[in-house]
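Below you'll find the structure, written out as structure tokens, and then a few comments.
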Amino acid sequence: MKSKKIIALVLAVSLTFSAMIVPASANTDVTNKGEQVLYTVLDKAVDFLVNAIGAFVISPRRQNIKDYKDDNFYAGLGKEDFLDEPARGAVWSVGYANASIQDGNELDGEHFVGGSLSITKKVATEVLDDQKVRTVALSDGRGITIFSELDGFGITNKSVREIRSRFAKYADENGLDITSVNVGVLHQHSCVDTFGMNGDILTALFTAPFKNLIGQTPASGMNDEFMENLYTVTVNSMIEAVKDMKEGSMYYGSTDVSEFIRDKRDPQVFDPMLHRLRFVPNDGSDETWIVEGGIHCVGLGAGGTVVTGDYPYYMEKYINSLNANFIYIEGAELALTAKGDNVEPTDEELALHEDEGYGRLAALGRTFGEKLAAIEDETEVEPILNIAHKVMFVKITNAIFKFAAKFGLLTNEVVRDGFDLKVVSEVGYCEFGKSLAVSIIPGELAPEIAFGGAMAADDPLNWTGKEWDYPTFESKADGRKLLVFGLMNDQIGYLLTDNNWHSIFTENEEIVSSGSNTGSFVTQQYFELLDSIK
């Protein structure tokens with residue numbers, strides 16, 4: 001994680017300065033008020049320098065927010081269509097598909113690996129696992145909702161809308177009633193870059209201004225051929241999942257995996273459970289397990305060049321051995337990683353690769369699969385699928401993010417609103433049956449925003465001295481159990497509580513975030529969506 005800080009400074013001042021001093025370790029707890037003030041002043045100085053440098057860079061041509069058109073956005077259901085009871089004769093219908101999104105050229109020296117920023121070309125050097133898309137199509141009889149989950153570090157709303165536009169052609173041609181189409185990522189730090197921020201930074205710094213001038217797209221970490229294949233394969237998986245839809249019953253259960261979770265950042269809040277929605281087809285064919293959990297996929301670290309599917313790859317292997325399909329969706333996982341020392345790899349798992357960490361991620365995936373398979377306490381989920389979405393425009397106040405946007409490394413859809421730059425994104429809300437609610441969030445959510453336990457005003461690590469004056473997402477779920485589908489339909493970075501915003505010199509999360517007030521803005525937008533449907 002130290003490299004993140006180095007790159008943040010390179011992005012900020014490399015054009016005019018040769019070096020700056022950065023703390024040696026990430027997530028440095030600073031409780032001394034004097035030091036907090038000093039770091040805040042340093043941050044403001046960096047912001048000033050970055051903005052000053054950026055002022056001399058020709059920006060890409062940005063659409064005015066007034067001219068923005070909401071193409072390929074699914075709003076979902078309106079208030080009048082949200083059901084409290086199943087419709088007469090309602091039954092679950094679910095289909096599944098998965099496919100490789102690899103293009104076969106991962107080792108050609110042109111496929112960057114996501115996970116951390118680097119001033120060198122961090123391209124793939126070894127492929128250990130497949131890189132997949134897993135898709136479910138679901139319906140309670142009133143339309144089809146799709147969730148696709150990619151093995152990848154991130155994906156932008158712009159790419160999601162491209163996928164939607166291609167799938168819409170098939171849906172229109174075949175008269176499908178599509179309610180919602182969602183694409184998320186598992187946030188692996190060891191996959192081919194599908195987000196763009198992990199490209200050749202030095203090349204971007206020197207070529208982007210000229211490309212902006214002549215109207216070309218600046219270079220990013222995304223490989224065009226890889227992304228084209230990803231779009232095609234993902235759309236095909238949606239088509240196959242729809243074709244595979246069968247009637248059956250749905251069950252919910254969960255298992256405690258808290259012993260395998262480490263929270264690197266205070267406050268110590270996380271969802272300790274893996275949640276499973278288990279669909280059982282009436283025809284006796286393979287079950288489909290939809291699993292949600294909030295744990296980073298970073299088994300081999302963030303800065304490597306080896307392509308792996310991390311622990312979900314081995315969860316799938318185990319669950320497939322039970323004749324069940326598998327899709328895993330990341331939850332609220334800001335700063336949450338696995339406790340690798342808490343798993344015991346077998347000799348076979350350790351022999352998979354010379355890096356012991358790979359054996360441990362394989363063991364972690366197997367262990368999670370075993371725990372999911374052992375769930376006995378289940379409740380049946382009524383055939384109700386309520387879902388709605390809201391477009392939002394997230395202001396970029398982080399100077400480093402603005403800088404990245406000018407140089408093509410931030411590939412999100414960005415519009416201009418006066419002198420402000422705003423990312424086009426969306427939030428969503430979903431209900432499965434009467435007892436489950438899902439927050440659909442376009443980034444890495446701090447669990448305390450969802451579940452409570454936000455930092456108090458008098459906490460020594462609270463640099464602002466203010467309370468987090470928002471109810472939890474869970475409290476707005478009307479008594480339902482809350483799940484979070486994070487990094488879904490966009491990646492706008494870390495979503496912190498405003499009073500937990502520190503310095504880029506002491507933390508990692510502040511570097512890769514839209515701004516210090518993004519957490520509260522997304523919270524407000526989410527609550528506005530809830531108010532519109534309840």
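Heavy atoms only: backbone and side chains are in, while hydrogens, waters and symmetry mates are out.
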### Task
Run the numbers on Phe326 and Tyr318 for ring pair (Phe, Tyr, Trp, His ring centres under 6.0 Å), then give the verdict.
CA-CA 10 Å; Phe326 168 76; Tyr318 184 85; over 10 Å; no
#### Entry: Derivation of the side-chain hydrogen bond (donor to acceptor under 3.5 Å, both in side chains) call for Tyr313 and Tyr328
CA-CA 10 Å; Tyr313 181 80; Tyr328 184 53; over 6 Å; no
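Under the side-chain contact (heavy atoms from CB on, under 4.5 Å) rule, Met238 has a single partner from Tyr170, Phe147, Phe167, which is Phe167.
Looking only at distances, a side-chain donor or acceptor of Gln102 sits under 3.5 Å from a matching main-chain atom of Asp129. In this structure, the side chain of Asn489 does not engage the main chain of Ile441 through any donor-acceptor pair within 3.5 Å. Here the side chain of Ser237 pairs no donor or acceptor atom with the backbone of Ala99 at under 3.5 angstrom. Panel note: side chain Asp490, backbone Glu426; no donor-acceptor pair is recorded below 3.5 Å. Distance alone, capped at 3.5 Å, places no donor-acceptor pair between the Thr255 side chain and the Leu274 backbone. His187 places a side-chain N or O within 3.5 Å of a backbone atom of Phe153 that can act as its donor or acceptor partner.
Looking at heavy atoms from C-beta onward, Glu287 lies in side-chain contact with Val280 at the 4.5 angstrom threshold. For the pair His111/Asp193, no side-chain contact is recorded, criterion being any heavy-atom separation below 4.5 Å from C-beta on. Residues Glu292 and Val484 form a side-chain contact, since some pair of their non-hydrogen atoms from C-beta on lies under 4.5 Å apart. Side chains of Ile163 and Val160 form no contact here, defined as non-hydrogen atoms less than 4.5 Å apart. Two residues are said to be in side-chain contact when any heavy atoms from C-beta on lie closer than 4.5 Å; Asn105 and Asn223 fail this criterion.
Looking at residues two or more places apart in sequence or on another chain, you find a side-chain contact (heavy atoms from CB on, under 4.5 Å) between Glu228 and Arg166, Tyr231, Thr232. Under the rule for a side-chain contact (heavy atoms from CB on, under 4.5 Å), the partners of Val522 that lie at least two apart in sequence or sit in another chain are Met392, Val427, Ile492, Leu495, Thr518.
Shortest non-hydrogen contact noted between Asp310 and Gln188 is CB-CG, 4.0 Å. Pairing each heavy atom of Ile327 with each of Val136, the nearest pair is CG2-CG1, 3.8 Å. Residues Asp140 and Leu385 share a closest heavy-atom pair of OD2-N, 2.8 Å. Scanning all heavy atoms of the two residues, the minimum distance from Ser439 to Tyr526 falls at OG-OH, 2.7 Å. Shown here for Gly152 and Gln131, the closest heavy-atom pair between the two residues is CA-NE2, 4.3 Å.
Cation-pi geometry between Arg278 and Trp289 is not met: the NZ or CZ atom fails to fall both under 6.0 Å from the ring centre and inside 45° of the normal.
In this structure, Tyr311 has its ring center under 6.0 Å from that of Phe368. In this structure, the ring of Phe527 has its center less than 6.0 angstrom from the ring center of Phe473. Between Tyr74 and His389, the ring center distance fails the sub-6.0 Å criterion.
Listed by first and then second residue, the salt bridge (charged side-chain N to carboxylate O under 4.0 Å, His left out) pairs involving residues 515-529 are Lys390-Glu528 (not counting sequence neighbours).
Checking Lys534 against Tyr429 by side-chain atom types alone, a donor-acceptor pair falls below 3.5 Å.
Under the 4.0 Å criterion applied to side-chain N and carboxylate O atoms, Arg265 and Glu510 are assigned as salt-bridge partners. Ion pair Lys339/Glu259 not flagged as a salt bridge, since none of the NZ, NE, NH1 or NH2 atoms sits closer than 4.0 Å to an Asp/Glu carboxylate oxygen. Using a 4.0 Å cut-off between a side-chain N of Lys or Arg and a carboxylate O of Asp or Glu, Arg161 and Glu413 do not qualify as a salt bridge. Salt-bridge annotation for Lys158 and Glu162: absent, with no side-chain N of the basic residue lying under 4.0 Å from a carboxylate O of the acidic one. The pair Lys132-Asp151 does not count as a salt bridge, with every side-chain nitrogen at least 4.0 angstrom from each carboxylate oxygen. A salt bridge does not link Glu474 with Arg480: none of the charged nitrogens is closer than 4.0 Å to a carboxylate oxygen.
Around NZ of Lys246, the count of heavy atoms belonging to other residues, nucleotides or ligands within 6.0 Å exceeds 12.
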